[in-house]
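Just follow the structure's listing: the first ligand is 1, and inside any ligand the first atom is 1. Side chains included, hydrogens not; waters and symmetry mates left out as well; all remaining heavy atoms used.
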Amino acid sequence: MNVLRVGIILGGISSEREVSLNSGRNVYDNLDRERYELVPIFMDGGGRLWVIPWQLVSQNTTTDIADHLEKEARCISYEGLRDEIDFAFISLHGKYGDDGCIQGLLEILGIPYTGPGVLASALGMDKDAQQKILKAAGIDVPESVTVTEDEWLRDEEAVRKKVEDAFSIPFVVKPIREGSSMGVTIVRDPAMLERAMAAAFAWDRIALVEEYLEGTEFSCIVLEKEEGPSILGVTEIHPQSDFYSYDDKYMPGRCSKFTPPRTITADVVDRIREEVVKAFVTLGFRSYGRIDGFVLTDGRVLITDPNSSSGMAPSSFFFEQAAEAGMLPSMILSELIEISLRIHGEKKGPLQ
Ligand SMILES: Nc1ncnc2c1ncn2[C@@H]1O[C@H](COP(=O)(O)OP(=O)(O)OP(=O)(O)O)[C@@H](O)[C@H]1O
Ligand SMILES: [Mg+2]
């Protein structure tokens, strides 16, 4: 029997390329070498693909890797990817990575991959579109308004009025398509609006302004089992910063996380399970996802951030929840590959 060649695609073009490197390196370290042949594939800042030797996977930063590419790696064409791998483990995050772009390329090449298809991946990235769809399906989401960069540049005062008519202080400003809390600001004073808009527009041409949610944040990994999607676990998050910031996410020891939850009660966990699975299905997510939300002080469960992929660093929700469910990293990674192969085996046209 031929061993499945699994390409671990890491790096990429987005703001989250270092997060991607951490994820990809950990996936590489933990995938079962008896079941799979591992092929690390680095996407450089220009979108080119390189087959890299294992020594480069352990570099600290994507810049360190980029410095060694010409001498130690092999640049391949997109079409050439077919000759290298049978399956793509997408460890890219953010724009071009889990927003439908790489998924579209892999569909054209006929290479099965982790995570959902083009449309659902794009919805997982677009915070305005996902909220509209979830809301239409009766799922509780934060109230929000969008502000385009043009609108802001044309008339700041009009935008200020639009935002202040919709929300009282504090409220949240974020770029419509980002991850890892890039460009997110909790506006606690009207004087902060300008800085918050600039932070969001550094990443995208549309900003999303949301009501500020008071409560407890949670995150759930969802796996699409044969009998249907179900959550792996619920993690309760207590950030050390003002909110769950980039540093809280990735600096070891910065943030307290509890799997299973510490203060969220069992009946609320049941509601979280229902809402999260409903959100997964509503957005057309496939294979797996990471869906975040809040339990408000009045007990309401809101879905705030459905992600069509998950960080996979050692301390990620993905591996924490797997451990709590009794699965070693290699076991959950194998399961994810098998789930993805099954759904790609059943598809008619690109994965829906
Ligand atoms: N409406 C809100 N009310 C209160 N806090 C919020 C709100 N929106 C975002 N936050 C805080 O900001 C963090 C980042 O926001 P969000 O989840 O939208 O960003 P993201 O960049 O998509 O994150 P991820 O890396 O999880 O994909 C949240 O984890 C939360 O702590
Ligand atoms: Mg997100």
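- Taking the centre and axis of the six-membered ring of Phe42, the NZ or CZ atom of Arg25 falls outside the cone set by 45° and 6.0 Å.
- Per-residue contacts place Asn307 under 4.0 angstrom from the following atoms of ligand 1 (heavy atoms of the residue considered): 27 (O).
- Of all non-hydrogen atoms in Cys255 and Asp248, the two that sit nearest each other are CB-O, 3.5 Å.
- If you number the atoms of ligand 1 from 1 as listed, the ones under 4.0 Å from a heavy atom of Tyr212 come out as 3 (N), 4 (C).
- The shortest contact between atom 12 (O) of ligand 1 and any protein heavy atom is with Phe243 CD1, 3.1 Å.
- Ring planes of Trp152 and Phe201: tilted class, angle from 30 to 60°.
- Residue Lys127 places at least one N or O, backbone or side chain, under 3.5 Å from an N or O of ligand 1.
- Atom 5 (N) of ligand 1 has as its closest protein heavy atom Phe294 CZ, 3.6 Å.
- Nearest protein neighbour of atom 21 (O) of ligand 1, counting heavy atoms only, is Ser181 N, 2.7 Å.
- At distances below 3.5 Å, at least one donor-acceptor pair connects side-chain atoms of Glu236 with backbone N or O atoms of Arg262.
- Among protein heavy atoms, the minimum distance from atom 17 (O) of ligand 1 is reached at Asp305 OD2, 3.0 Å.
- When only non-hydrogen protein atoms are considered, atom 9 (C) of ligand 1 lies nearest to Lys174 NZ, 3.3 Å.
- Ring to ring, Tyr113 and His344 are close: their centroids are under 6.0 angstrom apart.
- For ligand 1 and Gly179, the ligand atoms under 4.0 Å from any heavy atom of the residue are 20 (P), 21 (O), 22 (O), 25 (O).
- Between Glu210 and ligand 1, an N or O atom pair is found at a separation short of 3.5 Å.
- Although no hydrogens or angles enter the test, the distance criterion places no donor-acceptor pair under 3.5 Å between the side chain of Thr185 and the main chain of Val187.
- Nearest approach of Ile9 to Ala88, heavy atoms of both residues: CD1-CB, 4.0 Å.
- Under 4.0 angstrom from ligand 1, the non-hydrogen atoms of Asp292 all belong to its side chain.
- Smallest separation of non-hydrogen atoms from Asp44 and Ile13: O-CG1, 4.1 Å.
- At least one N/O/S atom of Asn307, whether from backbone or side chain, sits less than 2.8 Å from the Mg ion (ligand 2).
- Using a 4.0 Å cut-off between charged side-chain N and carboxylate O, Lys162 and Glu151 make a salt bridge.
- At the top of the distance list for atom 23 (O) of ligand 1, counting protein heavy atoms only, stands Lys249 NZ, 2.9 Å.
- Annotation: the span from Asn26 atom CG to Ser316 atom OG amounts to 7.0 Å, rounded to 0.5 Å.
- Considering both main-chain and side-chain atoms, Leu213 comes within under 3.5 Å of ligand 1 through a nitrogen or oxygen pair.
- Among the backbone and side-chain atoms of Asp292, no N/O/S atom is found under 2.8 Å from the Mg ion (ligand 2).
- Under 4.0 angstrom from ligand 1, the non-hydrogen atoms of Glu211 all belong to its backbone.
- Annotation: Tyr244 places an N or O atom under 3.5 Å from an N or O atom of ligand 1; distance criterion only.
- Scanning all protein heavy atoms for the shortest distance to atom 29 (O) of ligand 1 gives Glu217 OE2, 2.4 Å.
- Lys161 NZ: 12 or fewer foreign heavy atoms inside a 6.0 Å radius.
- Using a 4.0 Å cut-off between charged side-chain N and carboxylate O, Glu320 and Lys257 make a salt bridge.
- Looking at Pro142 against ligand 1, nothing comes within 4.0 Å, counting heavy atoms.
- Taking the six-membered ring wherever Trp is involved, the centroid distance between the rings of Phe171 and Tyr212 does not fall below 6.0 Å.
- Given atom 2 (C) of ligand 1, the protein heavy atom at minimum distance is Val172 CG2, 3.5 Å.
- Remark: ligand 1 atoms within the under-4.0 Å shell around heavy atoms of Val184 are 12 (O).
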